[in-house]
Amino acid sequence: MRSMREKFPDFRWRRPEQGRASLCECWFCVDVWTWRMASTPGNQKARHSENSQGKKSQHAEEAIFYMNCRAAYLTVFKSSLENIKSKEQLSLVLQQAGRNPSQKTINKYWTSQTSSLNFDDFCAILKKEKPPTKNELLEAFGKIDIDKAGYILHDELCKILTTRGDKMTWEEVTSITNQADFNCSGKLDYNKFCELYLTTSEQCCKAARDRLETDPRLRQQHFGNQTENFPEGISLPVSKPSPRVSRKTDLKLPKADSRAPSRPSSAQSSKASTSTTVTVGASSSSSTKLIVEPDTMKEWQCAQCRGCFYLEEDGEIISHKYRLHLPQRSALCVTIRPFTIPQAERKSCHWLSVDTALFILKENETQENLQLVSFTELQNKEVFGWRGELGAGVYWLLPFTTGCRLRKVKTQISGEAKLVWRDEDGELALTKEFRAALLEIFETIDLDGNGLLSLEEYNFFELRTSGEKCDQEAWAVCKENFEMKKNELTRQGFLDLNLMEANDQDGDPWDLWVTLLSLGYNKALEMTEACPFVIDVCAERCKPRVKAISLEAGGSQLSRAVCRSVVNKGEAKVLDGSENIFIYTYRSGSRITSVIENKSENKVIIHVNNEQSKNCLNNRGLTVFAVEVAPKSMMVSQHVMALNEQEEWIYSCVHSLGS
C-alpha cells in the first residue's frame, strides 16, 4: 500500500480521477531497478497467494527449497555448521542460490552488530528475498515503457539507474548496456534481458544442485534427511536468525522460536537423551483457572487496549507492544484474549482459536534491562490472565503467541473476491464484501476502541501497510477531505479513504490487495494470517494507563522472558549422559513449552523426536528436527498444543544429544 503522501501528493489541486503515472515509475525504480533484482516486500504477499494455487504438495515444495539451500551453502562452505563471517561471503552464497543481492539488501541482513550468520539465517534470508518471476520483471519494465515498444532507450535507462532507488554507478550501467545479448542501437530489449537473467539464475542453482548430487561427501553435510512424510497441511519450519549481538553476560539468548532447517536422522542414534511425557484430557486447561469475581472488582478502575499479531512472509510473528503506567502500588488483574470483531460474528473467524499470552516486564533505568515480573499463566477458555500486586512505575506488556495455530497454511481458494464495482453512472463503489473487511480492519486498528482513528492509531496501520508514517500536514489534508470527529477519522472516513484510493487507480485493485494481504487477509477476504486481540488491565487502587508504543517482532526481550518463565516454572531434567544440558518443560493452560539450556563451553546439536506424541501440533511443523544451541545459552525447543482440543492429547518428546 502507498503511504498517505503517495496517495495524495497534491490532493488539493488535482481530482483523483486524473491518476498519477509517476507512482508506477517510482515502484519500478525503487523496488525493481536494482540490477541485482532483489524481490520487493509488496510482491512477496501477492506471490504467496499465487503460489498457494500450485499443484505441488507443501512437503515437496519445502523439500526442494531446503535442498537448494544446502546446495548453495555447500558450494561456498565445507559444512552446513560453518558460519558466514563477512558481507562478501553472504553476497557470494546468495548468488549461488540464484539471487543477485544489492548492497542495500546485504546491509539489511549484515548490520554493524552482526558478527556471523549461520545456515538457519541463510534459509530465512532466502525465504524473504525471493527471486522475481518473469511476469513481475516484464510488468516492471512495462510500467516505464509506456509505448509498449519492448525496449528502453539507454539514455533513459542510465538516468533512472543512476539517480533513483538503489543508485548504480555509470560503470555498472555501462556493463549492462554493453551486453550484446540484449542491447542494440542504443536500446535495451527487456524481453531478452529478462530471459537471460532468469536463465542465468537457474543455471547457477542447477550447478550447485548437481555438485551436491555428485559429491557423496557434500550430501552428508546436513542434519539427516527429508524422506519421511509430513502430516498434510503442516509446513516445514522457517529458519530464524541467530543472535547477532555479543553480550558481556554469561547467558546469551537467541530468538525464542529459532528453528532448524531440516530433519535429523532418528534421535535414538544419539549419545545421550531424556524423555518427557504429559497427558492432557479433552478440552482441559490449566488446573488453576482465571476467575473474575464481579462483586470484588466492580469498583476497580480498568483500561483496555486492542492490538494484533501479524504473520510475516517468512513465518515470523510481529505484534503491538505496550507500556503500562501505574501511579501507585495496586492489586491488578491483567488479561489477554483474541478479539471477537462485532462485524465478523456471523462468519468463521480463524483467529479465535489462536493462543495468546502476555509477558509483564518492569522497566528499569534502560529499556535494555527489563525484568520479567510475571506472565498470564491462568486460563479460562480463550482468556489468559494474571492476578497479583505491582508497585508504582512503568511496565512493558509484550503479547505472545506460540505460532502453533497462527502459521502459513496453504488453502485452495476458488476465486478472487471483487473489491470494487461500477454503478449505472460508471462511478466506482466498494463491494459489500470489501466494505465488511474494511470495517473489520477498522475495529482492529482502533486500539482504544472509541470508534475513531487517531493519527497515532492510523500510523500503526500506515507502518504495517506502507512502511511510512503520516505527518501532521498530511493528516490535515485528510481532515479536509474525509469525515473526522475531534481530529480523528470516522469509519465512514476510513471507507471513503479506501474508495479514493480505488478511484485514484481507476478501479485497479492492486494497491488495495497489497493492503489486505499485509493485514493478514487472503484473496477470499478471510483473515487467516493475523490475530486481533484485546488486553484488559484492572487496578484496585489507581487508574492504569496502557499505551501502544510499537509494532514489531518480540525480539530478545520477549525471547528472554519466554525462556525465563519456563525455567522458573517448569520441570527440569538433565540430559542423560551430559551434566551441562538441561531440558525444561512447562505446561501453561492449553500449551506446553520446552526450553533447552546449554551450560557447557561448546555448541551442541540437540535432536528432538515427537514421534510418540498423539493429537499434537507444534510451532515448527515437524515431528523430528534438530536445533543448534550455542555455548552458555538457552532457547525454546518447541511449543506444543492439541490438534483437536475435544480429544485427549499426549506430549511425548525425546531430546537427545547429536553424535
Side-chain angles (χ1 to χ4, degrees), residues 36-39 43-44 47-48 50-52 54-84 89-101 105-106 109 117-134 136-137 196-230 234-242 259-264 313-316 408 410 620-622 625-626 628:
R36 300 88 174 168
M37 293 294 181
S39 178
N43 280 345
Q44 288 178 6
R47 191 181 303 113
H48 161 72
E50 294 168 4
N51 290 344
S52 68
K55 295 181 180 180
K56 291 184 178 180
S57 69
Q58 192 166 354
H59 168 50
E61 290 178 1
E62 294 288 354
I64 292 171
F65 170 75
Y66 285 109
M67 180 187 69
N68 289 336
C69 287
R70 288 195 298 273
Y73 205 81
L74 296 175
T75 301
V76 179
F77 302 103
K78 294 180 180 180
S79 166
S80 57
L81 295 179
E82 190 174 342
N83 287 345
I84 301 168
Q89 285 186 342
L90 176 58
S91 179
L92 180 59
V93 75
L94 287 175
Q95 289 170 6
Q96 294 299 326
R99 310 303 195 266
N100 229 329
T105 300
I106 295 296
Y109 299 106
L117 298 171
N118 61 25
F119 179 71
D120 287 7
D121 300 323
F122 174 65
C123 293
I125 292 172
L126 290 187
K127 279 281 189 177
K128 294 179 180 179
E129 303 299 329
K130 296 182 180 179
T133 65
K134 185 175 181 179
E136 288 171 345
L137 292 176
L196 182 62
Y197 173 82
L198 295 173
T199 300
T200 304
S201 177
E202 177 54 34
Q203 286 174 348
C204 190
C205 292
K206 186 177 184 302
R209 289 196 301 268
D210 290 345
R211 182 168 178 262
L212 179 65
E213 290 298 320
T214 56
D215 190 335
R217 179 186 61 82
L218 288 178
R219 293 183 67 179
Q220 296 175 359
Q221 294 296 327
H222 59 84
F223 296 133
N225 61 78
Q226 296 188 18
T227 59
E228 300 178 39
N229 293 326
F230 293 93
I234 300 297
S235 63
L236 283 165
V238 178
S239 305
K240 293 295 178 183
S242 60
R259 305 178 183 182
S262 56
R263 296 167 62 107
E313 186 66 24
D314 67 342
E316 187 174 44
K408 294 284 179 181
K410 294 190 175 182
R620 297 176 181 277
L622 285 172
F625 57 92
E628 179 181 295

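Count residues from 1 along the sequence.
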Asks: Find the distance between NZ (K130) and CD1 (I125) and round it off to the nearest 0.5 Å.
Replies: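 The CD1 atom of I125 is 14.5 Å from NZ of K130, to the nearest 0.5 Å.
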Asks: Evaluate the side-chain contact (heavy atoms from CB on, under 4.5 Å) criterion for residues L137 and L198: first the C-alpha distance (whole Å), next the side-chain angles of each, then the deciding distance (0.1 Å), finally the verdict.
Replies: CA-CA 10 Å; L137 292 176; L198 295 173; 4.2 Å; yes
Asks: Just how far is it from atom OH of Y197 to atom NZ of K134, taken to the nearest 0.5 Å?
Replies: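 It is 14.0 Å, given to the nearest 0.5 Å.
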Asks: What pair of heavy atoms forms the shortest contact from T75 to Q96, and how long is it?
Replies: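 Closest heavy-atom pair between T75 and Q96: CG2-OE1, 3.4 Å.
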Asks: Show your working on side-chain contact (heavy atoms from CB on, under 4.5 Å) between F119 and C69 and close with a plain yes or no.
Replies: CA-CA 9 Å; F119 179 71; C69 287; 4.0 Å; yes
Asks: How long is the gap from CD1 on I106 to CD on E129, to the nearest 0.5 Å?
Replies: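 Answer for the CD1-CD pair, I106 versus E129, is 9.0 Å.
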Asks: Please report the interatomic distance NZ(K128) to CD(E316), rounded to the nearest 0.5 Å.
Replies: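 So the NZ of K128 and the CD of E316 are separated by 5.5 Å.
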Asks: Would a distance-only check, ignoring hydrogens and angles, find a side-chain to backbone donor-acceptor pair under 3.5 Å from R620 to F625?
Replies: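 Not a single qualifying donor-acceptor pair exists.
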Asks: Which atom pair, heavy atoms only, marks the closest approach of V93 to L90?
Replies: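 Heavy atoms only, the tightest pair is CG1-O, 3.3 Å.
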Asks: Which residue, N118, L117, D121, forms the side chain to side chain contact (heavy atoms under 4.5 Å, CB included) with I84?
Replies: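 Per the side chain to side chain contact (heavy atoms under 4.5 Å, CB included) rule, the option paired with I84 is L117, out of N118, L117, D121.
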Asks: Which distance, rounded to the nearest 0.5 Å, do you find between the CG of N83 and the CG of D120?
Replies: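 Rounded to the nearest 0.5 Å, the CG-CG separation comes to 10.0 Å.
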Asks: Quick one: CG on L74 to CD on E82, what's the gap to the nearest 0.5 Å?
Replies: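 That separation rounds to 9.5 Å.
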Asks: Which residues satisfy the side chain to side chain donor-acceptor pair (under 3.5 Å) test with Q89, sequence neighbours excluded?
Replies: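 For Q89, no residue satisfies side chain to side chain donor-acceptor pair (under 3.5 Å) once neighbours in sequence are set aside.
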Asks: Just by distance, do the side chain of Y109 and the backbone of F122 share a donor-acceptor pair under 3.5 Å?
Replies: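 Checking the backbone N and O of F122 against the side chain of Y109, no donor-acceptor pair under 3.5 Å is found.
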